[in-house]
Amino acid sequence: METFKSHQSVQATADRLRIHRLSHTDALNDFAGDVRAGLTATPKRLFPKYFYDELGSRLFEAICLLPEYYPTRAENEILSRYANEIVNSFEGYKTVLEMGSGSASKTRSIIEAILRQQPDLLFIPVDISATALENSSRELLQSYPELRIEAYAGEYFDGLAALRERPQGTHTLALFLGSNIGNFDQDEAHQFLRALRNVLRAGDGLLLGADLKKDPQVLEAAYDDSLGVTAAFNLNLLVRINRELGGNFEPRAFCHVVKYDQEKGCVETYIESAIAQVVRVSGLEIDVQLDKGERIHTENSFKYDLEGLSRMATETGFTRARTWLDKREQFSSNLFLAVD
Ligand code: AVI
């Protein structure tokens with residue numbers, strides 16, 4: 001990897017990093033309230049944001065290495081191949097804002113391409129995990145001795161609300177990578193893009209990663225791999241409920257189920273009860289009754305086509321200026337430009 005060294009004296013790492021911890025309702029209560037509402041609803045549901053406890057985050061990293069799960073590799077291919085083109089399509093980005101930055105490993109291609117143009121760059125990562133932000137920020141600051149980082153630890157919408165308060169000085173390239181947009185339904189995706197548009201100025205860019213519609217078999221295999229890693233990732237939600245809320249789910253009495261709904265363009269993921277059973281969640285004082293074959297919906301992963309992406313851009317204050325695809329044309333990286 002290229003290292004960016006400066007001949008001038010470089011500010012100490014601590015002076016180049018600010019982390020804002022955004023207040024939100026107590027995370028455990030959110031989890032408890034959402035699990036109670038989801039397991040007493042008809043049909044039952046749990047939110048995918050709760051996949052990512054410590055084990056879930058590691059299982060997701062493993063998913064990204066699976067032969068069947070192509071999106072991460074495809075997006076990495078695009079970013080390492082076209083990073084210069086992406087940042088050159090608009091001269092003078094001095095701020096990179098990344099929503100859901102995680103380990104920020106994909107971001108490096110973009111940061112390096114901008115630093116090749118000019119040395120002055122502020123990186124604003126927003127992520128729910130303060131630990132991920134601290135670790136990734138320190139690594140980035142070590143690699144790029146002049147980079148400045150202002151990080152926001154909190155949920156997407158809290159991060160965007162905080163950013164609205166902040167004076168917008170320089171041209172910004174926002175990043176929303178990894179097909180995270182696919183985990184929102186249409187209304188949520190629109191709400192999110194509008195909120196993001198509100199922290200940008202006309203002419204600013206958004207690089208949006210979006211997985212493309214394709215052969216249902218390829219899609220279902222990507223979410224139901226032969227090693228069972230995605231099944232473990234999904235069923236770990238039950239393990240988390242057992243640990244944090246005193247549940248007595250027996251994960252072996254449940255199956256991981258994946259269906260691609262071609263009409264909606266959506267991979268739907270469920271936890272299915274293999275037997276009729278009653279599960280006690282003592283921390284919530286509820287008994288959850290499940291029929292044999294009854295499903296708990298856990299995730300939607302929407303897939304897009306280029307027309308749909310253009311429409312979504314126009315409806316949320318952007319225009320789709322350019323799209324880059326990987327060689328197998330499985331995944332898209334889209335440059336949306338903010339319009340007046
Ligand atoms: C994080 N998100 C974009 C992944 C996806 O493809 O929807 C989460 C995932 N779920 C199962 N495999 C990957």
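Counting starts at 1 for both ligands and their atoms, following the listed order. We count residues from 1, following the sequence as given. In this text, all values refer to a predicted model and were calculated from it rather than measured experimentally.
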With a heavy-atom distance limit of 4.0 Å, tell me whether [X] approaches ligand 1 through its side chain, its backbone, both, or neither.
| X | value |
| --- | --- |
| Y52 | side chain |
| T230 | side chain |
| F60 | side chain |

- Can you figure out which of Y69, F302, F51 has its heavy atom closest to atom 6 (O) of ligand 1? Y69

- Message: Using side-chain hydrogen bond (donor to acceptor under 3.5 Å, both in side chains), reason through E268 and Y270 one step at a time and then give a plain yes or no.
- Response: CA-CA 7 Å; E268 297 171 347; Y270 300 90; 2.8 Å; yes

- Partner of L163 by side chain to side chain contact (heavy atoms under 4.5 Å, CB included), out of L97, T172, L196: L97

- Note on the structure: The side chain to side chain contact (heavy atoms under 4.5 Å, CB included) partner of L177 among L208, I78, I110, L207 is L207

- Query: Can an N or O of Y223 be found at a distance shorter than 3.5 Å from an N or O of ligand 1?
  - Reply: yes

- Message: Quick check: N183 and ligand 1, any N/O pair under 3.5 Å apart?
- Response: yes

Atoms in ligand 1 flagged as close to [X], the criterion being non-hydrogen separation under 4.0 Å:
| X | answer |
| --- | --- |
| S301 | 5 (C), 7 (O) |
| G178 | 3 (C) |
| F233 | 10 (N), 11 (C) |
| S179 | 3 (C) |
| E299 | 7 (O), 8 (C), 9 (C), 10 (N), 11 (C) |

- Message: Can you confirm if the NZ or CZ of R295 lies within 45° of the ring axis of F254 and under 6.0 Å from the centre of its six-membered ring?
- Response: no

- Message: I'd like to know whether F60 forms a ring pair (Phe, Tyr, Trp, His ring centres under 6.0 Å) with F51, so could you lay out the CA-CA distance, the side-chain angles of the two residues, the decisive distance to 0.1 Å, and finally the verdict.
- Response: CA-CA 9 Å; F60 181 63; F51 283 143; 9.2 Å; no

- Item | Test side-chain hydrogen bond (donor to acceptor under 3.5 Å, both in side chains) applied to D211 and Q330, step by step | CA-CA 7 Å; D211 194 15; Q330 291 187 305; over 6 Å; no

- Is it the case that Y152 and E150 place a side-chain donor and acceptor less than 3.5 Å from each other? yes

- Query: Can you tell me if N135 uses its side chain to pair, donor with acceptor, with the backbone of A132 under 3.5 Å?
  - Reply: no

